[in-house]
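Heads up: the structure comes next, in structure tokens.
Below, chains carry the letters A, B, ... as their sequence lines are ordered, and counting in each starts from 1.
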Number of protein chains: 2
Amino acid sequence: MSDSRCAASVGRPRAFDPEVALEKALEVFWRKGYDGTSLADLTEAMGINKPSLYSTFGNKDQLFLKAIEVYENRPCAFFGPALDEPTAHQVVKKMLYGAAANFADKSHPQGCVIIQGALSCSETASTVKEALIARRQEGEQRVRDRLARAQAEGDIPATTNVGALARYIGTVIQGMAIQANNGATSEELTEVADLALSAMPPIAQ
Amino acid sequence: MSDSRCAASVGRPRAFDPEVALEKALEVFWRKGYDGTSLADLTEAMGINKPSLYSTFGNKDQLFLKAIEVYENRPCAFFGPALDEPTAHQVVKKMLYGAAANFADKSHPQGCVIIQGALSCSETASTVKEALIARRQEGEQRVRDRLARAQAEGDIPATTNVGALARYIGTVIQGMAIQANNGATSEELTEVADLALSAMPPIAQ
DNA sequence: TCTATTTTGTACCGATTGGTATTATATTTA
DNA sequence: TAAATATAATACCAATCGGTACAAAATAGA
């Protein structure tokens with residue numbers, strides 16, 4: 001019943017911080033992908049040995065899923081906060097600029113682990129692959145819902161196909177992740193974001 | 001000196017067609033990525049055994065590189081032919097529509113092996129990863145060169161930043177590959193292409 | 001101090017990884 | 001028919017894969 005990530009009061013105390021170890025695991029999965037990451041890679045980066053990893057996080061699959069949960073809740077995450085902007089244009093602008101700044105940030109691996117963590121992969125990775133597809137589609141759904149709200153608020157024209165627009169925005173963000181992997185800078189990605197923004201419908205009167 | 005893929009006149013004749021085997025290998029790499037593909041996957045799909053694979057194609061790396069060469073020269077490849085269109089608008093339109101039709105085509109794996117074959121990967125795959133990055137950048141360069149020509153021909157305004165525009169088009173195409181992996185249909189991708197096209201600069205007078 | 005409890009480190013598990021040595025087989029040339 | 005040549009199939013290699021059994025070590029409570 002108790003959370004496996006919560007240290008017990010009795011018994012030998014845990015010698016590592018699960019939160020820190022999880023961030024280290026995320027860094028490896030982000031850079032190498034699920035298939036490209038071995039348990040040896042993980043234990044070395046996390047500074048723990050395999051039995052500690054398994055008793056604390058389950059197995060490789062579960063560790064990956066917990067790591068991407070950390071990814072989505074990072075303080076520098078840009079996706080969720082962008083949806084809170086007051087207008088559709090501001091939402092999309094903040095989202096694309098956020099992707100441009102974040103994906104090319106050299107303080108962590110380039111791109112986005114949700115997009116590139118298990119794209120083309122082995123059958124072993126199919127569980128996490130499906131999980132990542134679901135997350136991407138959920139993200140797109142949230143954009144679509146936000147655009148529909150903007151449409152109801154008269155923020156974008158009633159004639160706009162919000163499903164197609166949300167998919168387009170998702171496409172650009174996903175492409176920007178590849179670009180970041182190609183070595184594109186934040187400045188270059190911001191230029192891409194500006195061009196992408198020019199496809200937005202005019203502000204409804 | 002002789003091409004390893006060319007059967008010799010003397011000795012036991014080869015029992016398989018290297019071209020067909022290469023297409024089978026491509027199919028596997030395309031679907032599973034470099035890291036996710038094992039030699040067992042390859043030999044099973046290609047219908048040959050490991051010594052035949054190694055004597056004919058070198059090793060896993062070289063087989064992958066030969067497979068993506070096949071990919072780029074397929075009859076249904078859309079990238080190169082699109083560049084031959086007479087105007088910049090037609091070039092970009094044919095390219096984006098081609099990606100929409102091709103990436104979601106169910107007669108082969110979804111997306112693009114150049115984009116997703118070795119994105120986040122192990123150190124073992126770093127050679128092919130770098131090769132794929134180079135191919136993507138080369139593709140973008142070809143688009144940039146074509147747009148610069150169009151600009152010289154008065155096809156798009158002199159004020160247009162062709163570097164940024166080429167990068168934007170590359171970004172959309174790369175994003176469409178992810179979308180196809182998400183399960184997007186050709187129709188949905190065509191809607192994305194139409195929105196992307198609206199970012200094109202007006203035709204210069 | 002003794003016991004119960006939990007985590008640690010090491011050593012190990014069978015299966016699979018990419019790659020190869022070796023032998024049998026099928027062909028052309030002499 | 002005999003030799004030369006090249007491919008096929010099998011069996012094998014060390015290394016690594018994800019995962020675990022087990023015993024030593026470190027704590028809390030009695």
Side-chain angles (χ1 to χ4, degrees), chain A residues 1-22 25 28-29 32-67 118 121-128, chain B residues 1-22 25 28-29 32-67 118 121-128:
Chain A
M1 278 296 176
S2 69
D3 182 7
S4 63
R5 238 183 289 169
C6 175
S9 59
V10 70
R12 179 168 175 171
R14 185 174 277 147
F16 64 95
D17 182 346
E19 301 289 331
V20 173
L22 213 42
V28 180
F29 279 130
K32 298 190 170 190
Y34 182 87
D35 275 334
T37 299
S38 69
L39 282 176
D41 291 331
L42 291 166
T43 54
E44 187 190 348
M46 298 166 85
I48 64 179
N49 41 38
K50 282 194 276 185
S52 296
L53 189 156
Y54 275 82
S55 70
T56 308
F57 302 107
N59 60 10
K60 192 184 172 186
D61 274 42
Q62 295 169 308
L63 175 61
F64 183 91
L65 296 176
K66 284 171 179 161
C121 55
S122 64
E123 272 122 19
T124 313
S126 62
T127 301
V128 301
Chain B
M1 274 299 175
S2 68
D3 183 8
S4 64
R5 238 184 289 168
C6 177
S9 60
V10 68
R12 179 169 174 173
R14 186 174 275 147
F16 64 96
D17 181 346
E19 300 290 331
V20 173
L22 213 42
V28 180
F29 280 132
K32 298 190 169 189
Y34 182 88
D35 275 334
T37 299
S38 69
L39 282 176
D41 292 330
L42 291 166
T43 54
E44 187 190 349
M46 299 166 83
I48 64 177
N49 40 40
K50 282 194 278 186
S52 296
L53 190 156
Y54 276 81
S55 71
T56 309
F57 303 107
N59 61 8
K60 192 184 172 186
D61 274 41
Q62 296 169 308
L63 176 60
F64 183 91
L65 297 176
K66 284 171 181 162
C121 56
S122 65
E123 273 122 20
T124 312
S126 63
T127 301
V128 301

Discussion item. Measuring to OP1 and OP2 of dT17(C), would you say a side-chain N or O of S38(B) lies under 4.0 angstrom away?
Written reply: yes
Discussion item. Counting only side-chain heavy atoms from C-beta out, which of dT6(C), dT10(D), dT28(C) sits nearest to V10(A)?
Written reply: dT6(C)
Worksheet entry | Below 4.0 Å: OP1/OP2 of dT7(C) and any side-chain N or O of S55(A) | no
Discussion item. Counting the atoms with a prime plus P, OP1 and OP2 as sugar-phosphate, which does T43(B) contact under 4.0 Å by heavy atoms, base, sugar-phosphate, or nothing?
Written reply: nothing
Fill in: Interatomic spacing from OG in S38(A) to NZ in K32(A) - rounded to 0.5 Å
6.0 Å
Worksheet item: Starting at CG of D35(B) and ending at P of dG18(D), how long is that distance when rounded to a whole Å?
Response: 11 Å
Fill in: Whole-Å distance separating the CG atom of L63(A) from the C1' atom of dC17(D)
16 Å
Fill in: Residue met sooner reading DNA chain D from 5', once A40(A) and G11(A) are mapped to nucleotides
A40(A)
Worksheet item: Rounded to the Å, how far apart are E123(A) CD and dC17(D) P?
Response: 19 Å
Fill in: Nucleotide nearest P13(B) (side chain, heavy atoms from C-beta), chosen from dA26(C), dA8(D), dT8(C)
dA26(C)
Discussion item. From CG of L53(B) over to P of dA8(D), roughly how many Å is that when rounded to an integer?
Written reply: 11 Å
Item to complete: Using modelled atom types only, decide if a donor and an acceptor are shared between the side chain of D35(B) and the backbone of S122(B) within a distance under 3.5 Å.
Response: yes
Item to complete: Write down the distance between CG (D61(A)) and C1' (dG18(D)), rounded to a whole number of angstrom.
Response: 11 Å
Worksheet item: Under 6.0 Å from the CD atom of Q62(B), do we count more than 12 heavy atoms belonging to anything else shown?
Response: yes
Discussion item. Using whole Å, what does the distance between atom P of nucleotide dG19(C) and atom CG of L42(B) come to?
Written reply: 11 Å
Discussion item. Please pick, from dT10(D), dA8(D), dG19(D), the nucleotide with the shortest atom-to-atom distance to any side-chain atom of N59(A).
Written reply: dG19(D)
Worksheet item: Counting just side-chain N and O atoms, does N49(B) come under 4.0 Å of either OP1 or OP2 of dA8(D)?
Response: no
Discussion item. Just the rounded figure in Å: distance from C1' of dT7(C) to CE of M46(A).
Written reply: 15 Å
Discussion item. Between the base of dT25(C) and the side chain of R12(B), is there a donor and acceptor pair under 3.5 angstrom?
Written reply: yes
Worksheet item: Will you find, in the side chains of D61(B) and Y34(B), an N or O donor that is under 3.5 Å from an N or O acceptor?
Response: yes
Fill in: Donor-acceptor side-chain pairing of N49(A) and T43(A) below 3.5 angstrom
no
Worksheet entry | Rounded distance in Å - NZ (K50(A)) to C1' (dC17(D)) | 8 Å
Worksheet entry | Proximity to the side chain of P51(A) - top-ranked nucleotide from dG9(C), dG18(D), dT10(D) | dG9(C)
